[in-house]
Amino acid sequence: MRGVMTVREGIAIADEAGLDLVEISPNADPPVCKVLDYGKYKYEMQKKAAEARKKQKTIELKEIKLRPNIDDHDFGIKMKSAKQFLGEGDKVKITLRFRGREVAHQDLAKQVIERVLQDLAELAKVESAPSFEGRQMVMILVAK
């Protein structure tokens, strides 16, 4: 802590020490500067930024594909993986695919979607409601 001084005095002190005068916070009144090795300072900032990026969690969209006439055991396995994805903080896209004349039985599809919502009620909330996209029904769930 050297106190308030002119820029020339600060540069002179930095030259004596063989270091650089670095402006830390330019918006303060008066601006705050430090006498330090600028290369080392930049390296430290770069390391901090890399560490922050490394710890950052990206949310992914995982997809689970179902059919309108899915069996109980298969449904259970799909829900187990959906719970795992939601537990990891990812979004889950539930896709109900129709083949052939299955499109005529949309009541079965609604039952499957209701069953999915019932099973995942404590873990997830609906981000986008079930909607038709061509020959498939799509719904996106997000962890609570």
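Position 1 is the first residue of the sequence, and the numbers go up from there. Predicted, not measured: the structure shown is a model, and the values here were computed from it.
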Is [Y] reachable from [X] through a run of I, L, V, M, F, W or Y residues, each pair having side-chain heavy atoms under 4.5 Å apart?
{"X": "Leu117", "Y": "Val112", "value": "yes"}
{"X": "Ile64", "Y": "Leu96", "value": "yes"}
{"X": "Leu86", "Y": "Val126", "value": "yes"}
{"X": "Leu19", "Y": "Val7", "value": "yes"}
{"X": "Met137", "Y": "Met139", "value": "yes"}

- Check the pair Lys42 / Glu44 against salt bridge (charged side-chain N to carboxylate O under 4.0 Å, His left out), numbers first and verdict last. CA-CA 5 Å; Lys42 246 174 85 170; Glu44 293 290 328; over 6 Å; no

With side chains defined as the heavy atoms from C-beta onward, is the minimum distance between [X] and [Y] less than 4.5 Å?
{"X": "His105", "Y": "Phe98", "result": "no"}
{"X": "Lys65", "Y": "Arg97", "result": "yes"}
{"X": "Leu21", "Y": "Leu36", "result": "no"}
{"X": "Arg8", "Y": "Ile11", "result": "no"}
{"X": "Lys48", "Y": "Met45", "result": "yes"}

Nearest 0.5 Å, what's the [atom1]-[atom2] distance between [X] and [Y]?
{"X": "Cys33", "Y": "Arg2", "atom1": "SG", "atom2": "CZ", "value": "13.0 Å"}
{"X": "Gln84", "Y": "Lys62", "atom1": "CD", "atom2": "NZ", "value": "8.5 Å"}
{"X": "Glu60", "Y": "Phe85", "atom1": "CD", "atom2": "CZ", "value": "9.5 Å"}
{"X": "Leu108", "Y": "Ile113", "atom1": "CG", "atom2": "CD1", "value": "12.0 Å"}

- Message: Aromatic contact between Tyr38 and Tyr43, with the criterion being ring centroids under 6.0 Å apart: yes or no?
- Response: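 For Tyr38 and Tyr43, the ring centres are not under 6.0 Å apart.
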
- Distance-only side-chain donor-acceptor flag, Gln136 / Thr95, under 3.5 Å: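 Result is no, nothing qualifies.
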
- Item | Heavy-atom donor-acceptor pair, Arg135 side chain to Gly100 backbone, under 3.5 Å |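 Yes, Arg135 side chain to Gly100 backbone: donor-acceptor pair under 3.5 Å.
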
- Message: Using a 3.5 Å distance criterion without hydrogens, assess whether the side chain of Lys144 forms a donor-acceptor pair with backbone atoms of Ala121.
- Response: yes

- Message: Run Ile94 and Val138 through side-chain contact (heavy atoms from CB on, under 4.5 Å) and show every step you take.
- Response: CA-CA 6 Å; Ile94 305 291; Val138 177; over 6 Å; no

- Message: Evaluate Arg67 against Glu102 for salt bridge (charged side-chain N to carboxylate O under 4.0 Å, His left out), listing each step before the verdict.
- Response: CA-CA 9 Å; Arg67 295 280 312 280; Glu102 288 177 347; 2.4 Å; yes

- Message: Salt bridge or not between Lys91 and Glu127? Use side-chain N to carboxylate O under 4.0 Å.
- Response: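 Glu127 and Lys91: salt-bridged.
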
Taking all heavy atoms of [X] and all of [Y], pick out the closest pair and write down the distance.
{"X": "Glu23", "Y": "Pro31", "answer": "OE2-CB, 3.7 Å"}
{"X": "Thr58", "Y": "Asp90", "answer": "O-OD1, 4.1 Å"}
{"X": "Asp119", "Y": "Phe75", "answer": "OD2-CE2, 3.2 Å"}
{"X": "Ala14", "Y": "Val35", "answer": "CA-CG1, 3.8 Å"}

- Can you establish whether the number of heavy atoms outside Gln118 located under 6.0 Å from its atom CD is more than 12?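 Count not over threshold, so no.
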
- Query: Can Leu66 and Lys78 be said to form a side-chain contact (heavy atoms from CB on, under 4.5 Å), step by step?
  - Reply: CA-CA 8 Å; Leu66 303 171; Lys78 298 282 187 177; 3.7 Å; yes

- Task: For salt bridge (charged side-chain N to carboxylate O under 4.0 Å, His left out), just list the numbers for Asp72 and Arg115, CA-CA rounded to whole Å, side-chain angles, deciding distance to a tenth of an Å, and then say yes or no.
- Result: CA-CA 11 Å; Asp72 290 337; Arg115 196 167 154 202; 3.0 Å; yes

- Output, in order, the C-alpha distance, side-chain angles, deciding distance and verdict of side-chain contact (heavy atoms from CB on, under 4.5 Å) for Lys47 and Glu51. CA-CA 6 Å; Lys47 288 288 259 186; Glu51 189 68 29; over 6 Å; no

- Query: Hey, mind stepping through Leu61 and Ile140 against side-chain contact (heavy atoms from CB on, under 4.5 Å) and telling me if it holds?
  - Reply: CA-CA 9 Å; Leu61 181 66; Ile140 298 178; 4.3 Å; yes

